[in-house]
Amino acid sequence: MAESERAVPDRTALHHSGPAALPSRKLGLDFFARSVHEVAPELIGVTLLVDGVGGRIVEVEAYDRDDPASHAFRGPTARNATMFGPPGRAYVYRSYGVHWCLNVVCDAASAALVRALEPTHGLDEMRKRRRLDEPRLLCSGPGRLCQALGITGEQDGLPLDAPPFELTASPAAVEVAVGTRIGITRAAERPWRYGLGGSRFLSRRF
DNA sequence: ACAAGGATGGACT
DNA sequence: GTCCATCCTTGTA
């Protein structure tokens, strides 16, 4: 089969209706106590705030226990301890010695990497932290959004249903684009990247 | 003890 | 497109 004919999931789409009809419903720990493969797509459209600064999640990736690309693949270590703890916590790790990346811990040592937000709250604070004005570049990437929201290793292990975190379900139904994950070498073909296909705030187009 | 390399981003050609 | 800063984690000896 020619490379161009290979079945790629990038144009696939699915839907989630939002966890409830109630607008502004805060996500409790039970939301995260499921397979990351259920949770990750439902995170699209969720508003993520840290001390009131943040926005709407437009891109995430799923990593599970039997996933060669996951930090949890080789079992518990000091770094990934949070992934093996209870669901609903923030797993924050340092990437390339420079950046911080935020994950939402789900069931069974799985987690969803939050890769991009559409900034909606605290734009000025984000601009200050990022030393950059352009809204499009504030949170379009896992390292960028952590810098914009002030997330560091200090938040590793903290529960997501309490300050400084606040996660609020989307009031509306969302169409979710699906694609392959970015920046990994192992298990790179798994279609575990989810996002708002048309968003200008993605780290990369679907 | 040591070397390899990474779930990135910014600068540059 | 390419290069690489920077440092911590991990695998291996």
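Naming convention: chains lettered A, B, ... in sequence-line order (proteins, then strands); numbering from 1 in each chain. In what follows, every heavy atom counts, from backbone to side chain, and hydrogens, waters and symmetry copies are set aside.
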Query raised in the report: What interatomic distance, in whole Å, is found between C1' of C:dC3 and the corresponding atom of B:dG5?
Result: 16 Å
Query - Gap between atoms NE2 and P, on A:H99 and C:dC8 respectively (whole Å) - result: 14 Å
Query raised in the report: What's the CG-C1' distance between A:L113 and B:dT8, to the nearest Å?
Result: 11 Å
Report task. Output yes when at least one side-chain N/O atom of A:R186 is less than 4.0 Å from OP1 or OP2 of B:dA7, else no. Result -> no
Report summary line: In whole angstroms, the gap separating C1' of B:dG6 from CD1 of A:I184 amounts to 12 Å
Query - C1' spacing across the pair B:dA4 / C:dC4, given as an integer number of angstrom - result: 16 Å
Report task. Starting from P on C:dT6, measure out to CZ on A:R94 and report it in whole angstrom. Result -> 12 Å
Report summary line: In whole angstroms, the gap separating P of B:dA11 from CG of A:L132 amounts to 9 Å
Query raised in the report: Under 4.0 Å between a side-chain N or O of A:H71 and OP1 or OP2 of B:dA7?
Result: yes
Report task. Measure the distance from CZ on A:F73 to C1' on C:dT9 and round it to the nearest whole Å. Result -> 17 Å
Requested in this report: Please confirm whether the backbone N or O of A:T77 pairs with a side-chain atom of A:N80, one donor and one acceptor, at under 3.5 Å?
Outcome: yes
Query - Identity of whatever pairs with C:dC3 - Watson-Crick or G-U, under 3.5 angstrom - result: B:dG10
Requested in this report: Give a yes/no verdict on base stacking between B:dG9 and A:Y96: centres under 5.5 Å, planes within less than 30° of parallel.
Outcome: no
Report task. May I ask you to verify if any side-chain N or O of A:R79 is less than 4.0 angstrom from the OP1 or OP2 atom of C:dT10? Result -> yes
**Report entry** Phosphate contact (C:dT10 OP1 or OP2) by A:T77 side-chain N/O below 4.0 Å
**Finding:** yes
**Report entry** First of A:Q147 and A:T185 reached from the 5' end of DNA chain B, by closest nucleotide
**Finding:** A:T185
Report summary line: Rounded to whole Å, CZ of A:R74 lies from C1' of C:dC8 at a distance of 16 Å
Query raised in the report: Has the side chain of A:R193 got a donor or acceptor atom that lies under 3.5 Å from a matching backbone atom of A:E61?
Result: no
Report summary line: Rounded to whole Å, the CZ-C1' distance (A:R136 to B:dG9) equals 15 Å
Query raised in the report: Does a side chain donor of either A:Q147 or A:R129 reach within less than 3.5 Å of an acceptor in the other side chain?
Result: no
Query raised in the report: Just checking A:R144: base, sugar-phosphate only, or nothing, at a heavy-atom cut-off of under 4.0 Å?
Result: sugar-phosphate
Query raised in the report: Base, sugar-phosphate, or nothing for A:R204, non-hydrogen atoms under 4.0 angstrom?
Result: nothing
Query - NZ or CZ of A:R89 within 45° of A:Y91 ring axis and under 6.0 Å - result: no
Query - Cation-pi, A:F201 ring and A:R56 (6.0 angstrom, 45 degrees) - result: no
